[in-house]
Amino acid sequence: MQLASPPAPPAGPDSAADRPDLALGQPQGWRERLAAWRDRRMADPAFRTWVLRTPLLRRVAQRRARQTFDLVAGFVYSQVLRACMELELFERLAGGPVQPAALARAVGLDEAALDRLLAAGVALKLLRWRAGGRIALGPLGAPLVGHTAIAALVEHHHALYADLADPVGLLRGPAGRPATSRQWPYTVHARPDSLAAEQVATYSGIMSASQPLIAQLVLDAYPVQRHRLMMDVGGGEGAFLRAVARQAPGLRLRLFDLPAVADRARQRFAEHGLAGRAEAVGGSFLSDSLPGGADLISLVRVVHDHDDATVRHLLRAAHAALPPGGTLLIAEPMSETPGAEAMGDAYFGLYLLAMGQGRPRSPATLRALLAEAGFVQIRQLATHLPLQTGLMVARVPGHEAAA
Ligand SMILES: CC(C)=CCC/C(C)=C/CC/C(C)=C/C=C/C(C)=C/C=C/C=C(C)/C=C/C=C(C)/C=C/C=C(C)/C=C/CC(C)(C)O
Ligand SMILES: C[S@@+](CC[C@H](N)C(=O)[O-])C[C@H]1O[C@@H](n2cnc3c(N)ncnc32)[C@H](O)[C@@H]1O
């Protein structure tokens, strides 16, 4: 089989790669020069066409083309998922395959419109066709049945979607407050401890609803039961501590959060029969000292919400509130998470930008901040599902006085 040779590199200004007016960089060393040559070839339409016609290379090109198309069209896929969730299709299919006509009547769509959504859902593996033209759950849709955590997160994305309609505008610094930042009022309020109940209700609800994505993963990775008193700082309505209470019956629990949030947590503890074991303390770690007495402090999805100066203050406060030998546990999406890079640096990077403060941090960055605050024995814990959460533990130097 005679393989056509690759086309000669393009010359002249018409090649997209040859825009000297835009080119800013220069390769340094042979590795970068080789990479620059490769990149220029990939920017050449004739070369891409040649690769797609070359059997040994075609599969690579097709995979890259699909990956690129998914980047281009990903926002459409997200909205297909949102439509399926808004119409509760997964729950309606949980009992087995359904005729599209019956589903159309149930969701109030005309059949042609529903057919368009069903075809998209099948293409995205959320749904699948069954014999007789019936529609059923697909491999990605089945785990979403009754998944209130993901449903809550998908529903709350309307603000982020609006903010990312103009991503460069967001990056340049939006004229007004991004819609996402309004969902998290403690990021824009000078005295977050003065936030009223109605101002904290929505975000606290989203966090509680999404806590199941995190809690068991943390508890599988770290034995909280080895401690006496655990204080969850920024603990929200206490969903994480309620999971801890089930896992470690002997552990005393304390939650620290803004007063209006602590009130919600106190009510939830009472509702779950934990009033005698779990206390909720209202305050702000920006202005108040953290209560002492805990030998384990957790920060679950808190550190990434804040810029470095606040993080340094918070870590020093945690260090001061722990006894010698006390432990700090940080659980949150982290940058540079192997296998979940897009989650850490693309999703949370832009999410926290739209939130107006905070950033995803790599374990190495967190390690440096923890060491700066005086923590030692800093280590990252492996989680079986890197999606969404990295875990780090650190200790206050010294040994705890004998109990
Ligand atoms: C024969 C059988 C039964 C199976 C064989 C095949 C097989 C093994 C199938 C596996 C099925 C299975 C177990 C699937 C599991 C699927 C899972 C676990 C899916 C999980 C998806 C998680 C998602 C999509 C998480 C999304 C999280 C998001 C978007 C989080 C957003 C968080 C935000 C906005 C936080 C905000 C807080 C702030 C402000 C940043 O601090
Ligand atoms: C993203 S939520 C995480 C909640 C919970 N840890 C979870 O993972 O579900 C961040 C939490 O930090 C709390 N928070 C924000 N600023 C605070 C402050 N200055 N002092 C105390 N808590 C604060 C918020 O009220 C909220 O409950």
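Counting convention: from 1, in listed order, for ligands and their atoms alike. Along the sequence shown, the residues carry numbers beginning at 1.
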Go ahead and list the nitrogen or oxygen contacts between ligand 2 and the protein that come in under 3.5 Å, distances to 0.1 Å, or just say none.
residue, atom, partner, partner atom, Å
ligand 2, 6 (N), G234, O, 2.7
ligand 2, 6 (N), V300, O, 2.6
ligand 2, 8 (O), Q211, NE2, 3.1
ligand 2, 8 (O), V300, O, 3.2
ligand 2, 8 (O), R301, NE, 2.8
ligand 2, 8 (O), R301, NH2, 3.4
ligand 2, 9 (O), Q211, NE2, 2.9
ligand 2, 9 (O), R301, NH2, 2.8
ligand 2, 19 (N), S284, OG, 3.0
ligand 2, 20 (N), F285, N, 3.0
ligand 2, 22 (N), D257, OD1, 3.4
ligand 2, 25 (O), Y203, OH, 2.5
ligand 2, 25 (O), D257, OD1, 2.7
ligand 2, 27 (O), D257, OD2, 2.7

Could you go through the side-chain hydrogen bond (donor to acceptor under 3.5 Å, both in side chains) check for D193 and Y186 one step at a time? CA-CA 8 Å; D193 47 351; Y186 54 80; over 6 Å; no
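For residues 104-118, no pair satisfies side chain to side chain donor-acceptor pair (under 3.5 Å), with sequence neighbours left out.
For the side chain to side chain contact (heavy atoms under 4.5 Å, CB included) test, no residue two or more places apart in sequence or in another chain qualifies with L71. Taking the side chain to side chain contact (heavy atoms under 4.5 Å, CB included) definition, one finds that V233 meets it with M231, F256, F285, L290, I297, L299, L314, sequence neighbours left out.
A donor-acceptor contact shorter than 3.5 Å links the side chain of S181 to the backbone of P178. Of the possible polar contacts, one joining the R254 side chain to the G292 backbone as a donor-acceptor pair under 3.5 Å is found.
For the ligand labelled ligand 1, residue H156 lies inside the 4.0 Å heavy-atom shell. Distances shorter than 4.0 angstrom occur between a heavy atom of Y347 and an atom of ligand 1.
Between W184 and Y203, the ring-plane angle classifies as tilted under the 30° and 60° cut-offs.
Every atom of ligand 1 with a heavy atom of R301 under 4.0 Å away is listed here by number and element: 41 (O). Listed by number with element, the atoms of ligand 1 under 4.0 Å from a non-hydrogen atom of H304 are 38 (C), 40 (C), 41 (O). Near M207, with a cut-off below 4.0 Å to any heavy atom, the atoms of ligand 1 are 35 (C), 36 (C), 37 (C).
Compare I150, L140, L81 by their heavy atoms: the one nearest to atom 23 (C) of ligand 1 is in I150.
Crowding of Q26 atom CD: a count of heavy atoms from other residues, nucleotides or ligands under 6.0 Å not exceeding 12.
Taking only nitrogen or oxygen atoms, main chain and side chain alike, D305 reaches within less than 3.5 Å of ligand 1.
If you check the side chains of Y351 and H157, you find no donor sitting under 3.5 Å from an acceptor. At a cut-off of 3.5 Å, with distance as the only test, no side-chain donor of S204 or E237 sits close to an acceptor on the other residue.
Contacts between F348 and ligand 1, counted as non-hydrogen atom pairs separated by less than 4.0 Å, involve the side chain only. With a 4.0 Å heavy-atom cut-off, ligand 1 is reached by the side chain of M355 but not by its N, CA, C or O.
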